[in-house]
Amino acid sequence: MAQKRIYTFGAGKADGNKDMKELLGGKGAGLAEMSNIGIPVPPGFTITTEVCTEYYRSGKKLPKGLDAEIRAAIKKTEALTGKRFGDPSNPLLVSVRSGARVSMPGMMDTVLNLGLNDATAAGLAQRSGNPRFAWDSYRRFVAMFGDVVLGMKPERKEDRDPFEELLERKKHQRGVKYDSELPEAALRELVKEFKAETKKRTGKDFPDDVHEQLVAAVLAVFRSWENDRAIAYRKMYGYPSDWGTAVSVQSMVFGNMGDDSGTGVAFTRSPATGDDHFYGEFLVNAQGEDVVAGTRTPQKIAEMEAKWPEIAHQLEDVRRKLERHYKDMQDIEFTIEAGKLYVLQTRTAKRTGLAAVRIAVDMADEKLITKEQALARIDPEALNHLLRPIFDSDKKAAAVKAGKLLAKGLPAGPGAASGRLVFFAQDAEAWRARGETVILARHETSPEDIRGMAASEGFLTAFGGMTSHAALVARQMGKVAIVGCEALSFDYHARKMKVATEKGERTLSEGDWVSIDGSTGEVIEGKLETRPSEVVQVLVEKSRDPKDAPVYQEFAKIMGWADAARRLKVRANADQPDQATTAIAFGAQGIGLCRTEHMFFGEGKIGPMREMIVAETTEARRAALSKLLPLQREDFRGIFEAMGSRPVTIRTIDPPLHEFLPQDEKGVQALAAATGSSVEKIKKRIEELHESNPMLGHRGCRLGISYPEITEMQARAIFEAACDVAATGTKVEPEVMIPLVGSRKELDDQAAIVRRVADEVFAARKAKVRYLVGTMIEIPRGALTADEIAKTAEFFSFGTNDLTQTTFGLSRDDTGPVLAAYLEKDIWPVDPFVSIDRDGVGQLMKIAAKGGRSTKPDLKLGICGEHGGDPSSVEFCHQIGLDYVSCSPYRLPIARLAAAQAALKESGARAARGKANGKPARAMRNGRAVKAAAAAVGAAIATRAVARAGRKVAKAAAKAARRAR
Ligand code: ADP
Ligand code: MG
Ligand code: MG
């Protein structure tokens with residue numbers, strides 16, 4: 001039998017269900033599920049995504065037999081509604097709605113009120129007793145059909161929609177502000193004018209045959225899968241083009257029937273903060289997109305109680321029912337037709353990082369989900385949102401007092417942002433590319449603006465509510481945003497923004513600084529300083545009592561659950577005691593990378609360092625080193641003290657020496673004076689040290705091999721400091737790490753020095769500390785000969801920055817021009833310096849891990865490259881059996897959560913396998929819970945891909961900026 005191509009829904013049942021998103025699209029699956037659980041949904045049917053694929057495969061033709069199937073499905077819808085398609089005495093009207101498996105807001109097309117012609121319009125007028133409503137629906141239909149199906153929607157943003165232009169003119173003629181104020185006669189005129197315009201532009205009469213309308217609309221929705229916006233969006237988020245869109249044909253319900261009708265959108269909790277409040281907006285006597293389009297400012301859902309108490313209660317029931325059923329926050333579309341409520345869409349709602357944490361914690365506390373599911377639901381990157389700076393409240397208060405508060409809007413994206421005003425998305429991109437920080441301010445934003453939005457620090461719009469495009473994108477990209485700031489108006493031509501304030505009108509120009517507080521909705525003139533977030537105030541500054549820090553408390557809960565679930569340990573990359581302290585506050589279990597070279601730039605150290613480098617004899621070098629020894633010992637002592645009994649991995653000197661030498665004449669003279677040498681000689685030495693490709697030159701262990709006395713000094717400083725701190729009763733555990741090792745002999749050479757010095761220090765101090773000598777695996781040869789290297793090494797730490805650089809043969813500092821083109825052309829799915837390239841670099845890591853452990857089964861393995869704080873890379877490290885990941889202190893929370901998710905995903909997969917192998921029933925039951933958690937992790941990873949795509953755009957912009965400089 002042929003594949004089932006059409007799935008019907010309505011009257012309390014459906015062919016499909018919520019798990020069929022791939023086939024029915026998110027919208028179709030949601031409509032089916034809501035029908036199944038008894039939520040009032042207007043009946044209809046969904047044509048599968050497979051039909052869309054078939055349409056493209058067969059050269060964009062209506063697939064064979066579909067016409068008849070559509071006719072049959074319409075018959076069923078007629079039966080369920082009691083109306084008839086094309087019948088003037090009781091006409092059935094339908095919407096034809098697009099819907100891919102993932103939500104692509106506003107990217108594809110939908111046609112409403114289909115099935116109208118002069119005869120059915122007259123019938124609708126008579127039957128409803130409301131001719132104004134009938135003609136309002138008709139003019140909407142002709143415009144939508146013209147735009148979407150007949151291709152009259154302008155392609156360029158500068159061009160105006162012909163129907164909108166006619167509508168504007170009509171409103172002007174009639175002296176009214178809103179569509180809803182136009183009388184019936186004006187609407188009748190509009191229908192005529194719209195049709196005339198259609199004829200003028202397309203050369204054809206507007207189709208009167210309703211079935212012809214329907215088929216044309218279905219094909220147009222299929223085509224909209226390949227419109228420029230949808231293609232750009234898919235590219236950005238990495239969605240393949242062969243997914244296709246489903247088409248849902250649904251009987252119309254009318255929010256534009258009068259003052260007991262309306263339409264709205266709502267979130268079952270606050271998408272900005274996660275508050276357990278019903279959150280939404282509605283418009284009386286309006287249809288479809290009117291709320292989102294922001295032609296009139298909608299009312300808050302809380303105001304519905306007073307107006308329509310019955311409906312408000314029903315809606316509250318729907319809210320509870322959907323949350324309990326989906327076990328997650330939903331975002332819904334609803335319509336009220338003559339006092340009766342219908343739900344038209346439900347989907348898992350996008351939310352800010354703040355809200356994501358809040359909702360996961362609350363739902364776990366409510367026992368709606370398990371802790372594991374709560375963990376799985378939060379995109380680790382979302383935690384950044386909780387660490388992001390906020391405005392300093394004193395500074396802000398001062399600015400407000402000084403009259404700098406311009407306006408207040410709706411707080412749609414929490415956080416604080418200051419930037420220069422731009423009014424066009426293209427400008428945001430261009431300015432950002434020049435290295436400016438910008439705030440994009442507009443009347444409203446639309447899907448075309450998405451790249452410019454990615455390039456902005458935050459958005460500010462005059463129109464729209466918490467469900468507007470700008471609010472939605474802010475949540476998705478984690479940007480600061482204020483929307484619906486009605487005091488603003490724009491003169492795009494003059495590039496000016498006017499603000500109506502109590503004291504009269506203020507005008508700001510492009511390039512002026514503004515600050516926006518996305519947590520309160522305040523728009524402030526000028527640049528405002530920020531201060532650390534609540535979490536940072538509690539943990540790092542210790543300036544706030546955790547009891548008065550609700551956001552911190554949620555954060556702490558999630559972190560506690562993550563720590564219980566993860567196997568990977570987390571360490572920090574920290575070079576100084578204060579960084580070490582911050583790292584511990586964020587949960588570091590050790591230091592995975594302490595770079596000693598940064599220390600040489602510290603107070604009083606660069607002088608002796610330079611003397612050491614330009615020294616011409618070993619004695620002179622030793623003399624300089626002996627000045628460095630006590631300074632370096634102090635550095636290490638500070639770190640050991642801060643870290644207590646946690647392990648500390650210290651890397652011996654790594655960068656090429658010329659990086660430490662003076663660049664300017666004055667520095668050269670000073671160095672000459674200090675060493676008693678001549679300026680010429682110093683210059684000559686600098687010349688000698690010049691390398692044409694320093695990243696592949698005299699650096700890493702190669703330095704210690706040429707100048708063993710440097711390694712010697714560093715080892716001495718480490719062990720003396722360790723003995724000092726151990727003497728105070730702390731159990732110190734230094735791990736000395738040799739960089740850039742490609743062969744065992746290199747490590748042998750350096751390890752021998754370290755061990756000899758350790759023995760000398762221990763003998764002199766009559767004390768001993770436990771220590772390890774290990775190596776970084778960061779060049780391919782090291783990875784390939786890891787089994788040999790492990791004969792000497794007591795641990796490996798993957799230096800994935802260098803390993804990526806050397807595996808790709810691409811200098812990390814020169815990726816700019818390469819990266820932009822490679823990401824654009826999809827040659828790389830993501831920047832390999834951000835997420836580990838599993839197939840190449842990852843392969844080398846696997847070889848090294850396996851090789852190392854074949855020699856020493858319990859060899860300690862870690863990673864200290866930038867990737868240690870990237871969720872996808874953390875997952876990979878878990879999978880290949882590393883012991884820990886190390887990252888910068890502020891990324892530790894992300895690493896902790898990512899590590900927990902990796903562990904949950906693995907146990908979920910194991911449980912699923914156990915089930916397949918016919919394990920006993922009890923294990924299966926547990927398995928199911930774990931599997932559910934694993935599925936949720938999958939979903940979280942998909943969301944993460946979305947977030948990553950947003951970052952990818954921002955990143956590309958940043959890179960372009962670097963290139964431009
Ligand atoms: P999008 O994916 O862009 O949101 P939708 O298909 O959801 O597009 O529809 C656009 C608008 O039209 C939404 O506000 C939706 O609620 C409304 N709508 C769609 N179908 C119907 C219908 N059968 N009756 C009333 N309103 C509808
Ligand atoms: Mg919708
Ligand atoms: Mg390195």
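Order of listing sets the numbers, starting from 1, for every ligand and every atom in it.
One finds no salt bridge joining Lys153 and Asp161 here, because no Lys/Arg side-chain nitrogen approaches an Asp/Glu carboxylate oxygen to under 4.0 Å. Between Asp179 and Arg139, at least one side-chain nitrogen of the basic residue sits less than 4.0 Å from a carboxylate oxygen of the acidic one, meeting the salt-bridge criterion. Taking 4.0 Å as the cut-off between side-chain N and carboxylate O, Asp15 and Lys4 count as a salt-bridged pair. Under a 4.0 Å N-O distance rule, the pair Asp118/Arg188 does not qualify as a salt bridge. Note on Glu181 versus Lys171: no salt bridge recorded, every NZ/NE/NH1/NH2 to OD/OE distance being 4.0 Å or above.
Using cut-offs of 30° and 60° for the angle between ring planes, the Phe254 and Phe133 rings count as perpendicular. Between Phe463 and His443, the angle of the ring planes lies from 30° to 60°, which puts this pair in the tilted group.
The count of protein N, O or S atoms under 2.8 Å from the Mg ion (ligand 2) stands at 2, with waters excluded from the count.
Listed by chain and number, Lys27, Ser95, Arg97, Thr110, Leu112, Gln250, Ser251, Met252, Val253, Gly288, Glu289, Glu333, Leu344, Gln345 each place a non-hydrogen atom less than 4.0 angstrom from ligand 1.
Each of Val221, Val96, Ile70, Thr245 was scored for a side-chain contact (heavy atoms from CB on, under 4.5 Å) with Ile47, with one residue passing: Ile70.
Asp331 and Ala349 get closest at one heavy-atom pair: CB-CB, 3.5 Å.
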